[in-house]
Amino acid sequence: MKNYGFATKAIHVGQEPDPTTGAVTVPIYQTSTFAQEEPGKHRGYEYSRTGNPTRTALEKCLAALEEGKYCLTFASGMAAISAITTMLKSGDHVIACDDLYGGTRRLFEKILRNYSISFSYVDATTTKNVEAIIKSNTKMIWIETPTNPLLKIIDIKGISSIAKKHRILTVVDNTFASPYFQKPLLLGADIVIHSTTKYISGHSDVVGGAVITSNKEIYERLKFVQNAVGAIPSPFDSWLVLRGVRTLAIRMEKHWENAQKISEFLEEHPKIEKVIYPGLKSHPQHRLARKQMTGFSGIVSFEIKKGKKAAKQFLKNLKLFKLAESLGGVESLIEHPALMTHASIPKKDREKIGITGNLVRASIGIEDSKDLMQDLDNALTKI
Ligand SMILES: *Cc1c(COP(=O)(O)O)cnc(C)c1O
């Protein structure tokens, strides 16, 4: 499958017709255990926490899409993230980008700090900022790009090469870009994580996570953790994610096309203060985005001119865009980071990084772009 393109791999890797029946869709192996011929002699599967054929199909496919050798899937993005952090020991230090996904920051601050692991947050758009705070006990650099919700772009190649020099692991949360637009392992990252809840499954009907790496040692350690800790996806959840993956390429093209059009439309709108989208020339890291991504994905953040009250009214006025957390599904969603996804960050810290009361974040779906623009325009006109 190596020479096939992305869309072909998404539909075929790990998804050979079922050997016993010829079913062209991978079956849901809804079983907890597998019969053995004699004690210890089995056909590759013993118990579904350790391994399940539906999950294996998904893991093979996701590894291929990220151009990695190995993939492990989990019950949620957070379960995948927490599995990676089990590689840390007390006394270790982690550097993370400052507008990190709220749940990741909560795990670091409210749980892992209790185990004497320390964290520093930095504006990682300047690679030098990261290098400046590396300590002798720094074991991991954790970045997201584009970041959430400010869509900052971080130089994966630059960060990974500094990390390598200091024997530090680079972890990239690739949820916002999806492997269709960005492949961090090819840029030097050691580990890629996904909330498969978002673009990878793409239909807002399942919660899941994945870890992809080409490093055998890391894989074996995390495979052990996956089984030992046990936060595995069910066969049905694995199947749902795999079904979503099959249309990832065509969905991402449409998310990008719609987001590009909408961001350009909003940039011209008199009620809008500022639009943040990596595909706009006005984005401060547009050039870097062009270099490390092959498209700009479907998240657009923007500020409403009249302030927080007007922003809330605007959200109320929308009809097609649903007010909801999460992102990456076929339907358009919109949210208010300061009041919703990022409410747990203290106001002072939030405003310092730019998550203000008039900021909204939209996950642009794959509806007809003219309907989406009409909805936005109607809602803006009424504030
Ligand atoms: C949603 C999300 C997560 C967490 O994933 P869950 O599937 O909700 O546990 C992690 N990182 C990013 C960037 C996300 O958007």
Side-chain angles (χ1 to χ4, degrees), residues 58 62 73-82 99-107 144-151 173-182 192-211 231 233-234 236-245 247-248 251-252 254-256 258-259 262-263 276-278 296-302 311-312 314-316 318-345 350 355 359-367 372 375-376:
L58 173 63
L62 293 181
T73 53
F74 293 86
S76 67
M78 287 318 303
I81 290 168
S82 92
D99 57 340
L100 196 64
Y101 175 71
T104 308
R105 195 172 175 127
R106 181 175 56 196
L107 172 73
E144 286 170 24
T145 178
T147 63
N148 177 21
L150 296 168
L151 308 173
D173 183 333
N174 200 26
T175 300
F176 269 41
S178 92
Y180 186 68
F181 289 133
Q182 178 170 276
V192 169
I193 83 105
H194 279 283
S195 166
T196 56
T197 314
K198 316 293 169 54
Y199 285 112
I200 286 187
S201 68
H203 293 72
S204 306
D205 54 10
V206 60
V207 171
V211 176
S234 71
F236 183 51
D237 285 356
S238 303
W239 183 87
L240 275 175
V241 176
L242 189 59
R243 185 184 58 168
V245 165
T247 55
L248 183 60
R251 281 189 286 109
M252 293 317 293
K254 186 70 177 167
H255 282 299
W256 175 25
N258 281 356
I262 286 168
S263 63
I276 311 170
Y277 182 63
F296 307 109
S297 211
I299 312 297
V300 179
S301 294
F302 50 99
K312 281 171 77 176
F314 159 70
L315 294 171
K316 245 193 173 149
L318 288 162
K319 291 207 162 67
L320 275 179
F321 280 84
K322 301 294 176 240
L323 182 64
E325 299 194 1
S326 200
L327 55 107
V330 291
E331 68 290 302
S332 291
L333 301 178
I334 197 157
E335 66 111 7
H336 190 284
L339 296 174
M340 296 168 68
T341 48
H342 293 68
S344 63
I345 305 175
R350 224 169 40 213
I355 305 175
L359 180 81
V360 296
R361 183 196 78 188
S363 170
I364 309 297
I366 63 171
E367 299 96 334
L372 296 176
D375 195 29
L376 292 166

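The side-chain hydrogen bond (donor to acceptor under 3.5 Å, both in side chains) contacts involving residues 319-330 comprise nothing, where partners must be two or more places apart or lie in separate chains.
Qualifying side chain to side chain donor-acceptor pair (under 3.5 Å) partners for Glu144, counting only residues two or more places apart in sequence or in other chains: none. Remark: Ser234 engages Phe236, Asp237 in a side chain to side chain contact (heavy atoms under 4.5 Å, CB included) (not counting sequence neighbours). Looking at residues two or more places apart in sequence or on another chain, you find a side chain to side chain contact (heavy atoms under 4.5 Å, CB included) between Ile262 and Leu266, Ile364, Leu372, Met373, Leu376. Taking Ser204 as the reference, Glu331 meet the side chain to side chain donor-acceptor pair (under 3.5 Å) condition, with sequence neighbours excluded. Here Thr341 pairs with Glu335 under the side chain to side chain donor-acceptor pair (under 3.5 Å) rule; sequence neighbours left out. The ring pair (Phe, Tyr, Trp, His ring centres under 6.0 Å) search around Tyr101 returns none, not counting sequence neighbours. For Tyr199, the ring pair (Phe, Tyr, Trp, His ring centres under 6.0 Å) partners two or more places apart in sequence, or in a different chain, are His255. Residues passing the side chain to side chain donor-acceptor pair (under 3.5 Å) test with Thr247 are Arg251, sequence neighbours excluded. Looking at residues two or more places apart in sequence or on another chain, you find a ring pair (Phe, Tyr, Trp, His ring centres under 6.0 Å) between Phe296 and Trp256, His286. Partners of Ile345 according to the side chain to side chain contact (heavy atoms under 4.5 Å, CB included) rule, which considers only residues two or more places apart in sequence or in another chain, are His342, Asp349, Arg350. Among residues two or more places apart in sequence or in another chain, the salt bridge (charged side-chain N to carboxylate O under 4.0 Å, His left out) test is passed with Lys312 by none.
Pairing each heavy atom of Phe321 with each of Leu333, the nearest pair is CD2-O, 3.9 Å. Looking at every heavy atom in both residues, Ser76 comes nearest to Val207 through CB-CG1, 3.6 Å. Here the closest heavy-atom approach between residue Ala324 and residue Met340 is recorded as C-CE, 4.0 Å.
Considering CG of Leu100 and CD1 of Ile81, their distance stands at 8.0 Å, rounded to 0.5 Å.
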### Task
Apply the test side chain to side chain contact (heavy atoms under 4.5 Å, CB included) to residues Thr145 and Gln182: give CA-CA distance (whole Å), side-chain angles for both, the deciding distance (0.1 Å), then the verdict.
CA-CA 9 Å; Thr145 178; Gln182 178 170 276; 3.7 Å; yes
